[in-house]
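One structure below.
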Amino acid sequence: MICPPHAAEPVIQLGHGGGGKLSQRLIQELLVPAFGPQDGVLHDAALLPPIEGQLAFTTDSYVVHPLIFPGGDIGRLAVIGSVNDLAMAGATPVALSLGLILEEGLAMAVLETVVASIQTAAVECGVAVVTGDTKVVERGKGDGLFINTSAVGQVAPGLTIHPRAVREGDAVLVSGDLGRHGIAILAARGQLGFQAPLMSDLAPLLGPVQALLAAGLQLHCLRDLTRGGLASAIDEIARSAGHWIELEDGAIPVVPSVQGACDLLGFDPIALANEGRMVVILSAGEAPAALAILRAFEPSAARIGTVIQPFGADHRGQPRNPVSLRSALGVKRPLEVGLGELLPRIC
């Protein structure tokens with residue numbers, strides 16, 4: 001069915017994805033003013049300037065519900081999420097692509113808010129949205145809006161940040177308190193049964209990473225703590241690095257409101273999603289300097305553990321639990337990673 005054009009379009013119609021006048025109006029009146037190109041001439045591909053050295057490339061899709069939440073929205077999340085992924089490789093963002101999957105009936109005001117948020121976040125992160133695509137699906141088949149972003153970044157010559165660089169004795173740091181994004185999303189959905197006074201931790205990690213590198217610190221491994229939180233990320237790192245890792249349970253920063261919500265709901269804050277937190281692994285001798293830098297961005301940054309030793313030759317394949325948690329009493333327990341997603345539609 002082809003939707004006829006209207007004088008005013010308060011909601012997305014199927015015709016906005018049909019390639020006709022409604023599509024052209026959406027692109028020319030909303031997307032081109034926000035993202036360019038500067039000459040207003042559209043092309044099927046973006047031409048990037050020549051880039052020397054190694055490139056980093058990442059892609060991610062975002063299905064968060066609700067679309068707008070305390071501390072951010074799906075647009076800001078999409079930009080920062082991809083830029084943070086590049087930062088974990090030590091890459092400076094160069095270009096970003098933007099794919100919008102719009103559902104028939106989405107309020108145009110919501111789309112305008114999200115587009116403005118994407119524009120603001122891109123400027124904040126120093127990256128240009130250089131190409132994109134828009135599709136419209138029937139009512140009931142898209143839950144408002146899904147976004148895909150892909151990003152290209154430049155890695156400085158000689159820089160290698162990778163789990164295989166992890167060494168015995170390395171310090172394990174986190175860049176701030178954990179679990180706020182997950183609990184903020186639940187509160188925004190009205191699923192807590194009470195109002196949690198929390199904002200998502202959504203924030204760019206590029207600044208802290210660049211500050212660490214500018215200080216000359218040798219970063220062995222970085223990982224942003226999104227789906228699965230610290231638990232999933234540190235387990236993946238330990239397995240990829242081939243080393244046992246021990247965390248100090250009492251050193252992991254969690255604000256009281258998040259801990260209280262977790263106690264009530266039976267969640268573990270280290271398994272909750274974050275969107276502005278990372279784990280940093282580097283030599284123990286450089287940990288104090290790294291912590292001082294991280295705390296300039298987020299005072300709750302902390303050292304939470306140590307890389308113990310490589311897996312022994314007696315282990316065939318991967319150990320079941322390569323990460324352990326030590327309590328204040330010195331009791332150790334294995335860190336268990338869940339089988340599925342703890343909270344769906346969290347990012």
Side-chain angles (χ1 to χ4, degrees), residues 35 45-62 64 72 74-99 117-133 147-166 173-176 181 200-215 217-230 232-233 236-237 240 273-282 290 293-294 297-298 347:
F35 309 121
L47 302 179
L48 301 181
I51 301 172
E52 296 182 3
Q54 187 175 19
L55 297 181
F57 179 66
T58 186
T59 188
D60 210 341
S61 299
Y62 299 88
V64 67
I74 191 172
R76 180 172 175 81
L77 178 63
V79 174
I80 289 178
S82 286
V83 171
N84 283 354
D85 284 345
L86 289 179
M88 298 304 97
T92 301
V94 172
L96 187 78
S97 74
L98 174 67
S117 184
I118 293 170
Q119 184 181 25
T120 299
V123 171
E124 182 180 350
C125 294
V127 63
V129 177
V130 299
T131 190
D133 183 55
I147 296 180
N148 174 271
T149 49
S150 296
V152 176
Q154 184 177 20
V155 181
L159 181 63
T160 301
I161 300 174
H162 193 277
R164 287 296 183 186
V166 170
L173 318 180
V174 290
S175 64
H181 178 73
S200 167
D201 55 41
L202 176 60
L205 295 171
L206 182 62
V209 171
Q210 289 181 331
L212 292 169
L213 293 173
L217 300 178
Q218 301 299 307
L219 306 180
H220 294 169
C221 186
L222 302 173
R223 187 68 56 90
D224 60 341
L225 308 179
T226 54
R227 283 176 298 175
L230 173 65
S232 179
E236 289 178 2
I237 291 171
S240 298
N274 312 269
E275 289 295 344
R277 299 291 185 260
M278 62 179 168
V279 64
V280 179
I281 300 181
L282 76 174
I293 291 170
L294 291 174
F297 291 88
E298 173 50 61
C347 61

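Keep in mind it's a predicted model, so treat the numbers as computed, not measured.
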- Query: Got a second to check how far Arg277's CZ is from Leu225's CG, nearest 0.5 Å?
  - Reply: 9.5 Å
- Task: Measure the CG-NE2 distance between Leu202 and His181 for me, rounded to the nearest 0.5 Å.
- Result: 7.0 Å
- Sub-4.5 Å side-chain heavy-atom contact between Leu212 and Leu294: yes
- Query: Does any non-hydrogen side-chain atom of Cys347 lie less than 4.5 Å from one of Glu275?
  - Reply: yes
- Message: Heavy-atom count check: over 12 atoms from other residues, nucleotides or ligands less than 6.0 Å from Glu298 CD?
- Response: yes
- In Å, rounded to the nearest 0.5 Å, how long is the span from SG of Cys221 to CG of Leu282? 11.0 Å
- Query: Taking the side chain as C-beta and beyond, is there a heavy-atom pair between Leu173 and Ile281 under 4.5 Å?
  - Reply: no
- Query: Could you walk me through whether Thr226 and Asn274 pass the side chain to side chain contact (heavy atoms under 4.5 Å, CB included) check?
  - Reply: CA-CA 5 Å; Thr226 54; Asn274 312 269; over 6 Å; no
- Kindly write out the residues that satisfy side chain to side chain contact (heavy atoms under 4.5 Å, CB included) with Ala203, not counting sequence neighbours, or none if the list is empty. none
- Look only at the side chain of Asp201 and the backbone of Gly276, and say whether a donor-acceptor pair between them is shorter than 3.5 Å. yes
- Would you call Leu159 and Leu213 a side-chain contact if the rule is heavy atoms closer than 4.5 Å? yes
- Item | Shortest non-hydrogen contact from Pro208 toward Ile293 | O-CG2, 4.5 Å
- Query: Which heavy atom in Ala151 sits nearest to a heavy atom in Leu86, and how many Å separate them?
  - Reply: CB-CD1, 3.6 Å
- Message: Within the 4.5 Å heavy-atom criterion, are Met88 and Met278 side-chain neighbours or not?
- Response: yes
- Message: If you define the side chain from C-beta out and look only at heavy atoms, does anything of Thr149 sit under 4.5 Å from Thr59?
- Response: no
- Note on the structure: So CD of Gln154 and CG of Leu55: to nearest 0.5 Å the spacing works out to 7.0 Å
- Query: For Asn84, does its backbone N or O pair with a side-chain atom of Asp224 as donor and acceptor, under 3.5 Å?
  - Reply: no
- Query: Looking at CD1 of Ile237 and NE2 of His162, how far apart are the two atoms once the value is rounded to the nearest 0.5 Å?
  - Reply: 11.0 Å
- Query: For the residue pair Ala91 and Leu206, what are the closest heavy atoms and their distance?
  - Reply: O-CD1, 3.7 Å
- What are the two closest non-hydrogen atoms of Val155 and Ala56, and how far apart are they? CG2-CB, 4.0 Å
- Query: Ile118 versus Phe35: any side-chain heavy-atom pair under 4.5 Å?
  - Reply: yes
- Does the side chain of Asn148 reach to within under 4.5 Å of the side chain of Ser150, using non-hydrogen atoms? yes
- Message: What I want to check is whether the side chains of Asp60 and Ser82 have a donor and an acceptor closer together than 3.5 Å.
- Response: no
- Task: Might you point out which heavy atoms bring Ala211 and Phe297 nearest each other, and give the distance in Å?
- Result: CB-CE1, 3.9 Å
Taking distance alone, no hydrogens or angles, what donor-acceptor pairs closer than 3.5 Å link side-chain atoms of residues 124-131 to residues at least two apart or in another chain?
residue	atom	partner	partner atom	Å
Glu124	OE1	Arg76	NH1	2.7
Glu124	OE1	Arg76	NH2	3.2
Glu124	OE2	Arg76	NH2	3.3

- So CZ of Arg227 and OG of Ser232: to nearest 0.5 Å the spacing works out to 9.0 Å
- Query: Is a side-chain donor or acceptor of Asp85 paired with a backbone partner of Thr58 at a separation under 3.5 angstrom?
  - Reply: no
